[in-house]
Trainee: 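Before I ask anything, let me first share the structure, which is written out below as structure tokens.
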Amino acid sequence: IFWFGKLHQVFADISQTDEDLNLQEFTQGMEKLGLRLSPGKAEAEFKSFDLDDSGIVNFAEFCMGVRQRVCPKEEEKRCHPTDVKKFEMAEMMEQHGGAPATSGTMVKNKTCGDFDQLEKQLKTIASEPGNKGLNKLWRRIDFNGNNKVSLAEIDKWVVENYPLLNHKPALLRAQQATLERFSDTDGFVEKKEFKALLLNLFYYNKLFWLF
């Protein structure tokens, strides 16, 4: 719910003023989100969102485009045939970041259900009384015990414990977004910022997975 609650915020940021996206705005918006597409790939993605071939993408079409990507391949037959278009998540992930970007990631195709299950698991841990679970997670990610976490420590924690979230560009964007939220300029995530980091890890992993 928290992720999809940001859909309109993302769309408004990309569309700038008129609540519609043209190809240039779509391409620039993807770059703003950290997704650098080739001109051909950007145009192909834009056309897949532009359901009425009008040359612009409105918010309804944007939501539909996201929904199509959330629908797992094995569930395609259950979706209405006029709503479903083919999508190639694993291939696009490799094209965006190359082999290093997918190194250590899950071999099977990710689904929205996978993210939901892991998010529920971490929320259960984080909600333990007295921040017991959250403190336990923090001790695991703060490998050297200096009460601040580097990008390398985030990467190590994710690789060893939560491979579903192991997409390098998403980890970088999650760290940057967390630091920007707290106006933190030292490059390290502090304990008070840890909850925000967890949310951003899911947000940016889902974002990169969808596109």
Trainee: Does Phe188 reach the side chain of Leu151, with side-chain heavy atoms less than 4.5 Å apart?
Mentor: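 No, every pair of side-chain atoms sits at 4.5 Å or beyond.
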Trainee: Does a side-chain heavy-atom distance below 4.5 Å link Ile56 with Leu21?
Mentor: no
Trainee: Sorted by first residue and then second, give each salt bridge (charged side-chain N to carboxylate O under 4.0 Å, His left out) pair with at least one member in residues 52-65; sequence neighbours left out.
Mentor: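 Not a single pair qualifies under salt bridge (charged side-chain N to carboxylate O under 4.0 Å, His left out).
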Trainee: Is the backbone N or O of Val159 less than 3.5 Å from a side-chain atom of Asn166, with the two atoms forming a donor-acceptor pair by type?
Mentor: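 It does not hold such a pair.
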Trainee: The criterion is salt bridge (Lys or Arg N to Asp or Glu O under 4.0 Å); which residues satisfy it with Glu43, sequence neighbours excluded?
Mentor: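 Salt bridge (Lys or Arg N to Asp or Glu O under 4.0 Å) list for Glu43, sorted by chain: Lys47.
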Trainee: Within a strict 4.5 Å, meaning less than it, do heavy atoms of the Thr27 and Phe46 side chains meet?
Mentor: no
Trainee: For a 4.5 angstrom cut-off between non-hydrogen side-chain atoms, does Lys206 reach His167?
Mentor: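 Side chain of Lys206 against side chain of His167, heavy atoms only: no contact under 4.5 Å found.
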Trainee: Is there a side-chain contact between Ile141 and Phe194, using heavy atoms and a 4.5 Å cut-off?
Mentor: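 Contact flag for Ile141/Phe194 side chains = yes.
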Trainee: Take Lys41 and Glu45, measure what salt bridge (Lys or Arg N to Asp or Glu O under 4.0 Å) needs, and give me the verdict at the end.
Mentor: CA-CA 6 Å; Lys41 181 61 69 175; Glu45 279 299 297; 5.7 Å; no
Trainee: Please name the pair of heavy atoms, one in Ala42 and one in Phe26, separated by the smallest distance, quoted to 0.1 Å.
Mentor: O-CE2, 3.8 Å
Trainee: Keeping the roles fixed (side chain from Gln117, backbone from Asp114), state whether a donor-acceptor pair exists under 3.5 Å.
Mentor: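 Not at all, since once roles are kept as given, no pair shorter than 3.5 Å links the two residues.
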Trainee: Under the rule for salt bridge (Lys or Arg N to Asp or Glu O under 4.0 Å), what residues qualify as partners of Lys156, not counting sequence neighbours?
Mentor: Glu160
Trainee: Of the non-hydrogen atoms in Gly55 and Asp50, which two are nearest, and what is the gap between them?
Mentor: N-OD2, 2.8 Å
Trainee: So, using salt bridge (Lys or Arg N to Asp or Glu O under 4.0 Å) as the criterion, who are the partners of Glu180 when residues are at least two apart?
Mentor: none
Trainee: Is the backbone of Ser150 close enough, under 3.5 Å, to the side chain of Glu153 for a donor and an acceptor to pair up by distance?
Mentor: yes
Trainee: Under 6.0 Å between the ring centres of Phe143 and Trp157?
Mentor: no
Trainee: Between atom CD of Gln28 and atom CG of Leu23, what is the distance when rounded to the nearest 0.5 Å?
Mentor: 9.5 Å
Trainee: Mind jotting down which residue pairs meet the side-chain hydrogen bond (donor to acceptor under 3.5 Å, both in side chains) criterion with at least one end in residues 124-146? Sequence neighbours excluded, please.
Mentor: Asn135-Lys191
Trainee: Give a yes or no on whether the backbone of Ala196 and the side-chain of Asn200 come within a donor-acceptor separation of less than 3.5 Å.
Mentor: yes
Trainee: Checking Gln175 side chain against Gly187 main chain: does a donor-acceptor pair fall under 3.5 Å?
Mentor: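 Yes; judged by distance alone, with no hydrogens or angles, the pair exists.
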Trainee: Would you please name every residue forming a salt bridge (Lys or Arg N to Asp or Glu O under 4.0 Å) with Asp184, sequence neighbours left out?
Mentor: none
Trainee: Would you say Asn205's side chain and Leu165's backbone share a donor-acceptor pair under 3.5 angstrom?
Mentor: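 Looks like yes, one N/O pair under 3.5 Å.
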